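These notes concern the structure reproduced below.
Throughout, numbering of the chain's residues begins at 1 and tracks the sequence. Small disclaimer: the values here were computed from a predicted structure and weren't measured.
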Amino acid sequence: MEVLGKILPHVNAGLNALATLLLIVGWVLIKRGREQAHRRTMLACFGVSILFLASYLVYHLLAKNGVSTPFPKYPPTAVRLTYYFILLTHVVLAAAVPVLAVVTIVLGLRQ
């Protein structure tokens with residue numbers, strides 16, 4: 001399990017890079033009017049994103065055993081508030097994106 005905890009960050013980075021590449025390819029394909037190729041690329045991107053989510057969750061379960069790391073007390077208040085703002089928006093968007101992605105896929109497949 002320790003080896004898995006060491007390689008998963010690299011796997012996560014690779015999956016994120018692949019998802020980004022697929023998004024760019026999908027955007028280019030739809031701009032060129034290649035709807036079917038765009039559809040397949042976007043579905044592949046969604047699949048890669050699901051793999052990323054699974055890998056990310058496994059990593060965090062293994063790495064911390066469910067224990068959170070508190071933000072240090074020493075940074076200035078402005079740094080702490082900025083961090084918490086970014087964290088809050090990240091968590092809200094991370095919760096919303098899967099729902100929005102599924103809705104978008106269903107609407108897209110229905111045309």
For Tyr59 and Asn12, the nearest pair of non-hydrogen atoms, with its separation, is CB-ND2, 4.2 Å
Write down the atom of Ala94, the atom of Pro98, and the distance for their closest heavy-atom approach. O-CD, 3.0 Å
Using the rule that two of Ile, Leu, Val, Met, Phe, Trp, Tyr join whenever any of their side-chain heavy atoms come within less than 4.5 Å, decide whether [X] and [Y] are in one cluster.
| X | Y | result |
| --- | --- | --- |
| Leu57 | Leu62 | yes |
| Val25 | Leu15 | no |
| Ile86 | Val79 | no |
| Ile50 | Ile105 | yes |
| Leu53 | Phe46 | no |

Using 0.5 Å steps for rounding, measure from the [atom1] atom of [X] to the [atom2] atom of [Y].
| X | Y | atom1 | atom2 | result |
| --- | --- | --- | --- | --- |
| Leu22 | Ser49 | CG | OG | 8.5 Å |
| Leu87 | Thr82 | CG | OG1 | 12.5 Å |
| Leu51 | Asn16 | CG | CG | 11.5 Å |
| Leu43 | Leu109 | CG | CG | 5.5 Å |
| Arg80 | Tyr74 | CZ | OH | 10.5 Å |
| Ser55 | Ile7 | OG | CD1 | 8.5 Å |

Look at the side chain of Arg34 and the backbone N and O of Gly26, then say whether any donor-acceptor pair between them is shorter than 3.5 Å. no
So, Thr104 side chain and Leu100 main chain: donor-acceptor pair closer than 3.5 Å or not? yes
Tell me, do Leu29 and Arg39 make a side-chain contact under 4.5 Å, heavy atoms counted? no
Considering only heavy atoms from C-beta outward, does the side chain of His60 approach that of Tyr56 to under 4.5 Å? yes
Which word best sums up how the rings of Tyr83 and Phe71 line up, parallel for under 30°, tilted for 30 to 60°, or perpendicular for over 60°? parallel
So Leu23 and Met42, side chain to side chain contact (heavy atoms under 4.5 Å, CB included) or not? Walk me through it. CA-CA 7 Å; Leu23 284 172; Met42 292 297 94; 4.2 Å; yes
